[in-house]
Amino acid sequence: MIKITLPDGSVREYAAGSTAMDIAKSISEGLARKVLAANVNGDVVDASQPLNEDAALKLLTWDDADGKSTFWHSSAHLMAEAVQAVFPQTKFWVGPAVDKGFYYDMDLGDAKLSEDDLLILEKKMNEFAKQNNAYVKKSIPKDEAINYFSEKGDEYKLDLLSNLKDGEISFYTQGSFTDLCRGPHIPSTGTIKAIKLTSVAGAYWKGDEKNKQLTRVYGITFPNQKELDEYLLMLEEAKKRDHRKLGKELSIFTMDDDVGQGLPLWLPNGGIIIEELEKLAKETESAAGYKRVVTPHIAKENMYLTSGHLPYYADSMFPPMELDGTKYYLRAMNCPHHHKIYDAEPKSYKDLPYRIAEYGTCYRYEQSGELFGLMRVRCLHMNDAHIYCSKDQFASEFRAVNDMYLKYFKIFGVDKYVMRLSLHDPAKLGQKYINEPELWHQTESMVRQALIDSNIPFIEVQDEAAFYGPKIDVQIWSAIGREFTLATNQVDFNSGNKFKLSYTNQHNTSEVPLIIHRAPLGTHERFIGFLLEHYAGKFPTWLAPLQAKILPISDKFMDYAQTILQTLKNAGVRAEIDDRNEKIGKKIRDTELLKVPYMLVIGEKEMNEGKISIRRQGKGDLGAKEVGEFVSELSKEINERRGD
RNA sequence: GCCGUUGUAGCUCAGUGGUAGAGCACUUCCUUGGUAAGGAAGAGGUCGUGAGUUCAAUUCUCAUCAACGGCUCCA
């Protein structure tokens, strides 16, 4: 007998060789029907795998993340079975579960897959799912597996096999499809009740753009139709919050073919948001001891050779303009210009920390396929600043920067974020990273310690650093689940030397400052794109392009509307009158759809009493108020940058 | 840059081998209406761009540009 410990802590005895499925059945038939896989001592395994020793067991169902991913991985096999049936010559690479669903990468030979084929494949999958075929595992010696795939002429699976050791190779078969697979899988195909193949895409073999491109089909499956319907509805809802759609509806920005790809034009409404953000940044940075500078958008080639950007990043920069034998580049970053400002006048330790800030305009030649709305563009405005400090000052400066991030997150109600400490990869020293192993080690420890000291939760990732030093990337998720690096905080132990920057210390000797690059509000482009999705277009009043709209019941009240407008304008409120010849219901509807925070309805009653009727966007009628009282409350809400 | 999809009025979208439609928006008129769409009339398009096939192309073919879904990339 073996002892099985269940998640509630209870211990039950079973015959050696019992499977997780046996144990589920002993608890209840209903549970057994829901079991997709099992977690045994922390490993996810087939529910049909015999247990021969005492173990901690968790039965995995659709409600568990591991249960879902097993379900989706098995669905990928089901899809492969369908592809094999329709395109028999197909060679398969890998088919993992992803965050929402699964994909399979395949080489279809000369065949092309269109979106119409997805419907055919879905139909086949449904057919095979109904057969309720079991996923059967078979372990195989390595040479036998090699023979099998050599005969099939399947170079992809042979490549996978080359990285596997004898004894860890298994095949899974369901219906007529057999695949090299580590597993685990769900018991049988019958639990896959609702299937949607979402898209067909190209994907480089092994993720390397030098390799052949395989065909990738994405899909998602559910154990019932209702959840699929809900998922599809959720996708529809997400589309409504897409910053590209909202940006158009709310007249925030536009793109124009004659201007160029990835070059957004900010419309007046976008201009207002930009001004408000810059006002916030300037106030915050001024209070934190930053000084503002202004620098040109171009510079000579030589500066980027000094900085080291050119050899590393020439591909991401616009090609140079050549004048009188000198090459000028549009800048892709502001750092070198700022270093030159530091260097313009001699510095003493008394001048440090030297903090200079600028909303710097940069141009990056992102590949056309990488462009994405406001999130990836070719012209960007960065909330940039550089801090030049001594080693002793580093920790407190770095912490102050992180505190600034947190302050901003509070204002914008960002509660889901991860600070990602991005480290170098020692294997790529001299190629992707400056070859200074000792300095990497030192600065990485300094940054890690600064994070620990300020109690900020963070994760560490290898091979994500900037070429000149480690960095902290702030990952955030928009309301519709998109993840991006919003902001960055980087240490630079390299540029100081490259630009021969120095200061005179207390002992009258020269030292090279450390440099912190930081951009808490990222770029206007990405940040406003994020805010559009975050607020679903319903900006807090302080950021809203139009803060209040005066809606007269009829044009008999236009004079009164004008006096209200003047009062609001005098108080610095962005307000307009809806003077169209429309009924109040229509005016309200249109203003609601434009997501204007306040609608001020005025008619005979209001005019006689010197009041306004207030309607808050999304919240309906709030009743009437004295004009003065409303304006002072509104001003307060705006000045405090209140969230809601 | 690569694979796939798409491109018709300001917006959302129908449609056709015989040079085009709807709703909303816009303009004018009627209406002066109390918290999410009052009525009428009008104006607006080289059917992304270029070439080919055809008596005839917005429609078919090719090229090109752009957008979208991915891959790669993201200082």
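Reminder, nothing fancy here: chain letters follow the sequence lines and each chain counts from 1. Nothing here was measured: the structure is a model prediction, and the numbers come from that model.
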**Student:** What residues in residues 235-264 of chain A put a non-hydrogen atom under 4.0 Å from any atom of RNA chain B?
**Tutor:**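 Going residue by residue through residues 235-264 of chain A, the ones with a heavy atom under 4.0 Å of RNA chain B turn out to be R244(A), D257(A), Q261(A).
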**Student:** Which value, in whole Å, describes the distance between the C1' atoms of nucleotides G69(B) and U59(B)?
**Tutor:** 26 Å
**Student:** Quick one: D590(A) CG to U35(B) C1', roughly how many Å, whole number?
**Tutor:** 13 Å
**Student:** Are the side chains of V83(A) and V217(A) in touch, meaning some heavy atoms are under 4.5 Å apart?
**Tutor:** no
**Student:** C11(B) pairs with which nucleotide, Watson-Crick or G-U wobble, both distances below 3.5 Å?
**Tutor:**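 In the structure as shown, C11(B) has G23(B) as its Watson-Crick or wobble partner.
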**Student:** With a non-hydrogen cut-off below 4.0 angstrom, is G585(A) in contact with a base, only sugar-phosphate, or nothing?
**Tutor:** sugar-phosphate
**Student:** What's S199(A) touching, base or sugar-phosphate or nothing? Going by heavy atoms closer than 4.0 Å.
**Tutor:**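 Touches sugar-phosphate only.
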**Student:** Under 3.5 Å for both donor-acceptor distances, Watson-Crick or wobble: does U58(B) have a partner, and if so which one?
**Tutor:** none
**Student:** Using a cut-off of 4.0 Å on non-hydrogen atoms, how would the nucleic acid contact of F372(A) be classed: base, sugar-phosphate, or nothing?
**Tutor:**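 Since only primed, P, OP1 and OP2 atoms lie under 4.0 Å of F372(A), the category is sugar-phosphate.
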**Student:** Name the residue from K239(A), R244(A), K245(A) that meets the side chain to side chain donor-acceptor pair (under 3.5 Å) definition with D242(A).
**Tutor:** R244(A)
**Student:** Looking at side-chain heavy atoms only, is the closest gap between L330(A) and M321(A) below 4.5 Å?
**Tutor:**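 Of all side-chain heavy-atom pairs linking M321(A) with L330(A), at least one is under 4.5 Å.
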**Student:** G1(B) and C55(B): how far apart are their C1' atoms, nearest whole angstrom?
**Tutor:** 43 Å
**Student:** Would you please classify the geometry between the F222(A) ring and the W72(A) ring as parallel, tilted or perpendicular, with 30° and 60° separating the classes?
**Tutor:**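 Taking F222(A) first and then W72(A), their aromatic rings stand perpendicular (interplane angle over 60°).
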**Student:** Provide, to the nearest angstrom, the distance between the CG atom belonging to L551(A) and the C1' atom belonging to U32(B).
**Tutor:** 15 Å
**Student:** Compare side-chain N and O positions of S368(A) against OP1 and OP2 of G1(B) and report whether any pair is under 4.0 Å apart.
**Tutor:**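 For G1(B), OP1 or OP2 has a side-chain N or O of S368(A) closer than 4.0 Å.
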**Student:** Pairs under 3.5 angstrom, nitrogen or oxygen only, protein versus nucleotides 43-48 of chain B, please.
**Tutor:**
none

**Student:** Under a 4.5 Å cut-off applied to non-hydrogen side-chain atoms, are I387(A) and V401(A) in contact?
**Tutor:**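 Yes, side chains in contact.
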**Student:** Rounded to the nearest angstrom, tell me the gap between atom NZ in K471(A) and atom C1' in C74(B).
**Tutor:**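 Taking atom C1' of C74(B) as the reference, NZ of K471(A) is at 8 Å.
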**Student:** What's the CG-P distance between L594(A) and A36(B), to the nearest Å?
**Tutor:**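 Result: 16 Å.
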**Student:** What interatomic distance, in whole Å, is found between P of G42(B) and the corresponding atom of C24(B)?
**Tutor:**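 That atom pair is separated by 15 Å.
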**Student:** Hey, does the side-chain of R615(A) have a donor or acceptor N/O within less than 3.5 Å of a partner on the base of A36(B)?
**Tutor:** yes
**Student:** Please state how far atom CZ in R216(A) lies from atom C1' in C3(B), giving the value in whole angstrom units.
**Tutor:**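 Computing the R216(A):CZ to C3(B):C1' distance gives 11 Å.
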**Student:** With a non-hydrogen cut-off below 4.0 angstrom, is I584(A) in contact with a base, only sugar-phosphate, or nothing?
**Tutor:**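 Counting heavy atoms under 4.0 Å across all strands, the contact made by I584(A) is with sugar-phosphate only.
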**Student:** Evaluate the salt bridge (Lys or Arg N to Asp or Glu O under 4.0 Å) criterion for residues E397(A) and R355(A): first the C-alpha distance (whole Å), next the side-chain angles of each, then the deciding distance (0.1 Å), finally the verdict.
**Tutor:** CA-CA 10 Å; E397(A) 287 301 310; R355(A) 312 180 189 92; 2.9 Å; yes
**Student:** When rounded to the nearest Å, what value does the distance between C1' atoms of G38(B) and G44(B) take?
**Tutor:**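 Their C1' atoms lie roughly 24 Å apart.
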**Student:** Under the side chain to side chain donor-acceptor pair (under 3.5 Å) test against H381(A), which residue among R526(A), E525(A), H524(A) passes?
**Tutor:**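 Of the listed residues R526(A), E525(A), H524(A), the side chain to side chain donor-acceptor pair (under 3.5 Å) partner of H381(A) is E525(A).
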**Student:** Any base atoms under 4.0 Å from F467(A), or only sugar-phosphate, or nothing? Heavy atoms, all strands.
**Tutor:**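 F467(A): no heavy atom of the nucleic acid under 4.0 Å.
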**Student:** Reckon Y218(A) has a side-chain N or O less than 4.0 Å from the OP1 or OP2 of C71(B)?
**Tutor:** yes
**Student:** Partner of U35(B) by Watson-Crick or G-U wobble geometry, both contacts under 3.5 Å, or none?
**Tutor:**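 Here U35(B) is not engaged in any pair, so there is no nucleotide opposite it.
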**Student:** Go through residues 616-625 of chain A and report each residue with a non-hydrogen atom lying under 4.0 Å from RNA chain B, sorted by number.
**Tutor:** D621(A)
**Student:** How far, in whole Å, is A57(B) from U27(B) if one measures between their P atoms?
**Tutor:**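 It comes out at 38 Å once rounded to the nearest Å.
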**Student:** Quick one: look up who A66(B) pairs with, Watson-Crick or G-U, both distances under 3.5 Å, and put none if it's unpaired.
**Tutor:**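 A66(B) is paired, partner U6(B).
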**Student:** Check whether N497(A) reaches the backbone of V512(A) with its side chain - one donor and one acceptor, N or O, closer than 3.5 Å.
**Tutor:**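 No, because the side chain of N497(A) does not come within donor-acceptor range (under 3.5 Å) of the backbone of V512(A).
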**Student:** Between D107(A) and Y156(A), does any side-chain donor sit less than 3.5 Å from a side-chain acceptor?
**Tutor:**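 The criterion, which ignores hydrogens and geometry beyond distance, is satisfied for Y156(A) and D107(A).
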**Student:** Under 6.0 Å from the ring centre and within 45 degrees of the ring axis: does the NZ or CZ of R331(A) meet both conditions for the six-membered ring of Y363(A)?
**Tutor:**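 Verdict for Y363(A): no cation-pi partner in R331(A).
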**Student:** Checking only heavy atoms, does the side chain of E366(A) share a donor-acceptor pair with the base of C74(B) at less than 3.5 Å?
**Tutor:** no
**Student:** For A201(A) and for Y365(A), locate the closest nucleotide of RNA chain B by heavy-atom distance; then report the residue assigned to the nucleotide nearer the 5' terminus.
**Tutor:** Y365(A)
**Student:** Using a heavy-atom cut-off of 4.0 Å across all strands, would you classify S613(A) as base, sugar-phosphate, or nothing?
**Tutor:**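 Here S613(A) touches the bases of the nucleic acid.
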**Student:** Sort out for me which residue in F467(A), W440(A), Y468(A) forms a ring-ring contact (aromatic ring centres under 6.0 Å, His included) with Y433(A).
**Tutor:** W440(A)
**Student:** Tell me whether the OP1 or OP2 atom of A25(B) has a side-chain N or O from K586(A) closer than 4.0 Å.
**Tutor:** yes
**Student:** Looking only at atom C1', what distance separates C2(B) and G15(B), rounded to whole Å?
**Tutor:**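 C2(B) and G15(B) have their C1' atoms separated by 34 Å.
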**Student:** Pair K556(A), E604(A) - check salt bridge (Lys or Arg N to Asp or Glu O under 4.0 Å), show working.
**Tutor:** CA-CA 9 Å; K556(A) 282 189 282 192; E604(A) 189 158 12; 5.9 Å; no
**Student:** What is the separation between atom CD on E592(A) and atom P on A36(B), rounded to the nearest whole Å?
**Tutor:**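 Value for this atom pair: 8 Å.
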**Student:** What's the CG-P distance between L118(A) and G69(B), to the nearest Å?
**Tutor:** 16 Å
**Student:** Which is true for G207(A) with a 4.0 Å heavy-atom rule: it touches a base, it touches only sugar-phosphate, or it touches nothing?
**Tutor:** sugar-phosphate
**Student:** Below 3.5 Å, does any donor atom in the side chain of Q213(A) face an acceptor in the base of G1(B), or the other way round?
**Tutor:**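 It does not, because no donor-acceptor pair links the side chain of Q213(A) to the base of G1(B) below 3.5 Å.
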**Student:** Hey, what's the ring geometry for H534(A) with F530(A), parallel, tilted or perpendicular (30° and 60° as the breaks)?
**Tutor:** parallel
**Student:** Does E464(A) reach a base, just sugar-phosphate, or nothing at all? Heavy atoms under 4.0 Å.
**Tutor:** nothing
**Student:** Please confirm whether Y342(A) and F499(A) have ring centers closer than 6.0 angstrom.
**Tutor:** no
**Student:** Taking the same atom, P, in G10(B) and in G48(B), what whole-Å distance lies between them?
**Tutor:** 12 Å
**Student:** Among H517(A), H386(A), K498(A), K471(A), whose side chain to side chain donor-acceptor pair (under 3.5 Å) with D492(A) holds?
**Tutor:**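 Of the listed options, the one satisfying the test is H517(A).
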**Student:** Between L214(A) and K605(A), just flag the one whose closest nucleotide in RNA chain B comes earlier from the 5' side.
**Tutor:** L214(A)
**Student:** Partner lookup for U46(B), please. Criteria are Watson-Crick or G-U wobble with both distances under 3.5 angstrom; report none if nothing qualifies.
**Tutor:** none
**Student:** Which base sits across from U16(B) as a Watson-Crick or G-U pair, both distances under 3.5 Å?
**Tutor:** none
**Student:** Take atom CG of D578(A) and atom P of G33(B), then tell me their distance rounded to the nearest Å.
**Tutor:**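 These atoms are roughly 17 Å apart.
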**Student:** Write down the distance separating the C1' atoms in G7(B) and C13(B), rounded off to the nearest Å.
**Tutor:** 13 Å
**Student:** Over all strands shown, is E604(A) touching base, sugar-phosphate only, or nothing at heavy-atom distances under 4.0 angstrom?
**Tutor:**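 Base, at least one base heavy atom under 4.0 Å.
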**Student:** Does some side-chain heavy atom of P597(A) sit less than 4.5 Å from a side-chain heavy atom of R616(A)?
**Tutor:**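 Side-chain contact under 4.5 Å: yes.
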